[in-house]
Amino acid sequence: MFAVTKEIHFCYGHRLLGYAGKCRHLHGHNGKVVVTLETPDLDPLGMVLDFGEMKRVLGRWIDDTLDHRMLLHRDDPVVPELERQGEPLVLLDVNPTAENIARVIFDHAAAAGLPVTEVTLWETASSFATFRPAGTTTKPITVTVREP
């Protein structure tokens, strides 16, 4: 099996509903996502996928969709006020934890036809979450992008 991995950096804000700790408040992160693609065979050029193509497909989507956005649960009571203020939002049907954000990125990569096997989101320099499918198919996380 051959594998390639690409790091993509982006900034995002979020908060967690129903959480008793500090993350119940709006706050931001300088995140790093690490995406791994695997194939049993290489393409005619000897690659799993060109790193530039990974950047084009995933980097552009992350930049256009997640970067400098508030990622919130769709039922977060602050959503109407942020919309009124003209803030761009990404609304999820689950809490925007590092685990769920990694899953959202995994789902996008898979939907784009990339042979993704694992996505890790570094929320801080010492804390990260990884999504790797476990053989059973689960329903993708619903993502709604709201632009001002």
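I8 and V143 fall within the same hydrophobic cluster, defined by Ile, Leu, Val, Met, Phe, Trp and Tyr side-chain heavy atoms under 4.5 Å apart, directly or through other members. Under the 4.5 Å side-chain heavy-atom criterion for ILVMFWY residues, no single connected hydrophobic cluster contains both I62 and W122. The hydrophobic clustering, which links ILVMFWY residues whose side-chain heavy atoms are closer than 4.5 Å, places V79 and L17 apart. Linking ILVMFWY residues whenever their side-chain heavy atoms come closer than 4.5 Å, directly or via other members, places V119 and V90 in the same cluster. Hydrophobic clustering (ILVMFWY, side-chain heavy atoms < 4.5 Å, transitive): V35 and F51 are in one cluster.
Taking CD of E81 as the reference point, atom CD of E87 lies at 10.0 Å (rounded to 0.5 Å). The distance from the CZ atom of F128 to the CD atom of E123 is 12.5 Å, given to the nearest 0.5 Å. Between the CE atom in M47 and the CE atom in M54 there is a gap of 12.5 Å [rounded to 0.5 Å]. With rounding to the nearest 0.5 angstrom, the NZ atom of K32 is 4.0 Å from the CD atom of E7. Interatomic distance, T36 OG1 to L114 CG, rounded to the nearest 0.5 Å: 12.0 Å. Here CG of N100 is found 4.0 Å from CD1 of I141. Values are rounded to the nearest 0.5 Å.
Residues M1 and P40 come closest through the heavy atom pair SD-N, 3.5 Å. Contact between K55 and K6 at its shortest, heavy atoms only, is CB-CE, 3.9 Å. Across all non-hydrogen atoms, the minimal contact from Y12 to I101 is CE1-CD1, 3.7 Å. Contact detail for L92 and V104: the closest heavy-atom pair is CD2-CG2, 4.1 Å. Among all heavy-atom pairs drawn from V116 and A110, the shortest one is CG1-N, 3.7 Å. Residue N30 comes nearest to C11 through the heavy atom pair OD1-SG, 3.0 Å, listed as atom of the first residue, atom of the second, then distance.
Enclosure of atom CZ in R132 is not indicated, since only 12 or fewer non-hydrogen atoms of other residues, nucleotides or ligands lie within 6.0 angstrom.
At a threshold of 4.5 Å between non-hydrogen side-chain atoms, the residues L49 and V57 do not count as touching. By the 4.5 Å heavy-atom criterion applied to side chains, R15 and V78 are counted as neighbours. Within the 4.5 Å cutoff, side-chain heavy atoms of V48 are placed close to those of L42. Taking the side chain as every heavy atom from C-beta outward, T144 and R74 never approach each other to under 4.5 Å. Using a 4.5 Å heavy-atom cutoff, the side chains of P88 and V145 are not in contact. Counting heavy atoms from C-beta on, the side chains of L121 and F10 come closer than 4.5 Å.
Between H29 and H14, the angle of the ring planes goes over 60°, which puts this pair in the perpendicular group of the 30/60° scheme.
Take H108 and apply the ring-ring contact (aromatic ring centres under 6.0 Å, His included) test, not counting sequence neighbours, and it matches W61.
Side-chain atoms of N95 never come within 3.5 Å of backbone atoms of L16 as a donor-acceptor pair (strictly under, hydrogens ignored). A donor-acceptor distance shorter than 3.5 angstrom exists from the side chain of R24 to the backbone of A20, with no hydrogens or angles considered.
Checked options L72, L82, L89; the residue passing with R146 is L89 (criterion: side chain to side chain contact (heavy atoms under 4.5 Å, CB included)).
Under a 4.0 Å N-O distance rule, the pair R69/E147 qualifies as a salt bridge.
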